[in-house]
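To keep things clear, I will list the structure first and then write my remarks on it.
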Amino acid sequence: MSGSPAVSRQEFDAIFAAVRTWGSWSPADRGAWNRVTPEHVRRATALVRSGTAVPLGLPWDTRAGPDNDRPALHHMTDLGDVEPAEPATYKDFIAADFHGKAVSHLDALAHVAYRGRLYDGRAAREAVGASGARFGSVAALGPLVTKGVLLDLPAVLGVGWLEPGHAVHARDVAAAERALGVTVDDGCAVLLRSGRFRRRRELGPWDVGAASAGLHVDAVPLLAERAIALLGGDGDSDLRPSPVEGVHSPVHALAVAAMGVPLLDNLDLEALSAACAGAGRYEFMIVVSPLNVPGGTGSPVNPVAIL
């Protein structure tokens with residue numbers, strides 16, 4: 001499962017064309033979330049057995065570090081000492097430049113353009129400006145309830161984590177399905193665990209923008225064939241360093257700009273890994289509810305898996 005064969009720009013462009021779903025849906029800026037029908041939601045609810053709810057979002061991180069060069073903000077705006085009468089109230093302010101490596105967030109379709117085009121072929125310069133996105137914003141997505149599948153690669157391999165730079169290929173996705181007894185199918189959310197946060201706890205932080213385990217681009221056509229609705233992981237899904245010359249985030253380009261599949265980045269999947277192992281199954285209902293930010297290219301988010 002290790003190794004990262006180089007992919008030429010010509011080969012990458014051929015993959016992009018092969019997985020592209022432009023013109024498939026209306027409204028187009030919901031992309032692959034259009035795949036999730038009421039029947040998919042009912043299918044997901046049938047996976048709830050114990051009722052165990054597992055949050056997947058990271059704590060709000062206000063400390064700078066190798067993997068957090070733009071720390072989130074949190075400060076108090078009212079300490080209860082300015083109220084004229086009872087009850088006293090306490091208020092705070094939060095903010096984040098969340099498209100990084102430290103905040104659990106959703107990438108909407110306005111977040112990624114390839115060769116100047118957003119999903120559905122929309123010209124990025126016309127669709128995204130100083131006031132935000134006029135196409136593909138997070139506000140167009142709304143909430144998602146569907147079947148989730150955890151591809152727990154360290155559990156399959158019997159290791160604590162995948163080392164940074166470890167490539168997950170299509171054959172590894174298929175092997176993980178067999179080992180874990182799951183099926184990636186239409187309308188589902190696929191979550192890839194590399195064990196990033198277990199490694200971080202045991203060995204300390206590192207620059208995950210320079211080196212991280214993730215999907216090799218050869219795995220994306222398989223996910224496209226399975227017609228997934230959402231892709232996420234404890235990294236940002238991309239293998240780093242990138243195997244594609246001149247494309248720093250090829251999985252982002254393929255998933256978001258070609259397939260219309262939003263991404264969940266920087267999830268804490270350690271508790272979910274333990275819960276799935278304890279339950280003996282790696283399928284569950286997942287609920288994703290991004291903030292309703294008109295014009296936003298994404299949103300901080302705390303998805304919940306329910307077993």
Side-chain angles (χ1 to χ4, degrees), residues 1 19 31-33 35-37 39-57 104 106-107 143-157 162 168-196 213-216 218-238 251 254-255 259-288 301-307:
M1 207 166 73
V19 303
W33 282 20
R35 288 189 170 120
V36 179
T37 66
E39 178 55 36
H40 287 90
V41 178
R42 288 191 291 270
R43 177 183 71 170
T45 63
L47 296 171
V48 177
R49 299 172 193 171
S50 68
T52 300
V54 184
L56 308 179
S104 300
L106 178 78
D107 291 340
L144 182 76
V145 178
T146 193
K147 167 187 167 181
V149 171
L150 179 65
L151 298 180
D152 195 337
L153 273 297
V156 171
L157 294 175
L162 306 184
V168 178
H169 296 277
R171 63 179 179 270
D172 305 314
V173 172
E177 287 183 290
R178 293 191 296 270
L180 300 172
V182 297
T183 301
V184 174
D185 55 11
D186 68 289
C188 79
V190 177
L191 306 181
L192 174 68
R193 176 178 174 258
S194 70
R196 170 190 169 188
L215 291 169
H216 191 275
D218 70 15
V220 178
L222 173 61
L223 300 176
E225 179 184 327
R226 301 293 185 84
I228 67 171
L230 177 65
L231 177 63
D234 52 10
D236 66 2
S237 295
D238 262 294
V251 173
L254 293 174
M259 296 163 56
V261 172
L263 295 178
L264 286 173
D265 294 349
N266 310 318
L267 302 179
D268 187 344
L269 299 177
E270 296 308 298
L272 181 60
S273 173
C276 286
R281 58 190 179 95
Y282 288 79
E283 296 179 330
F284 41 85
M285 181 172 78
I286 186 169
V287 180
V288 183
V301 69
N302 183 20
V304 178
I306 308 170
L307 283 78

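Hydrogens, waters and symmetry mates play no part in the numbers below; they use all other heavy atoms, side chains included.
- How far CG of L192 is from CG of L269: 8.5 Å, rounded to the nearest 0.5 Å.
- From S104, atom OG reaches atom CG of N302 across 7.0 Å, with rounding to the nearest 0.5 Å.
- Of all the heavy atoms in D268 and E270, the pair that sits closest is OD1-N, 3.1 Å.
- The two atoms that bring L222 and A170 nearest to each other are CD2-O, 3.8 Å, heavy atoms only.
- You'll find the side chain of D185 reaches within 4.5 Å of the side chain of R43, heavy atoms only.
- Remark: R42 engages E39 in a side chain to side chain donor-acceptor pair (under 3.5 Å) (not counting sequence neighbours).
- With contacts defined as side-chain heavy-atom distances shorter than 4.5 Å, the pair L264/P303 qualifies.
- The minimum heavy-atom distance linking L150 with S273 is given by the pair CD2-CA, 3.9 Å.
- With rounding to the nearest 0.5 angstrom, the NE2 atom of H216 is 10.5 Å from the CG atom of D172.
- Between atom CG of residue L272 and atom CZ of residue R193 there is a gap of 9.5 Å, rounded to the nearest 0.5 Å.
- Residues V220 and M259 are in side-chain contact: their nearest non-hydrogen atoms beyond the backbone lie under 4.5 Å apart.
- Without hydrogens or angle criteria, T146 side chain to G187 main chain gives a donor-acceptor distance under 3.5 Å.
- The line from CG of L263 to CG of D236 is 8.0 Å long, rounded to the nearest 0.5 Å.
- Atom CG of D218 sits about 7.0 Å away from atom CZ of R171, to the nearest 0.5 Å.
- Between L56 and I286, some side-chain heavy-atom pair lies under the 4.5 Å cut-off.
- Not a single donor-acceptor pair under 3.5 Å links the side chain of E283 to the backbone N or O of K147.
- When side chains are defined from C-beta on, L191 counts as touching F284, because their heavy atoms get closer than 4.5 Å.
- Counting heavy atoms from C-beta on, the side chains of L106 and L230 come closer than 4.5 Å.
- Nearest heavy atoms, D234 versus G195: OD2-N, 2.9 Å.
- Residues T183 and V149 come closest through the heavy atom pair O-CG2, 3.8 Å.
- When all heavy atoms are compared, the tightest approach of R226 to V184 is NH1-O, 2.9 Å.
- In this structure T45 satisfies the side chain to side chain donor-acceptor pair (under 3.5 Å) test with no other residue, sequence neighbours excluded.
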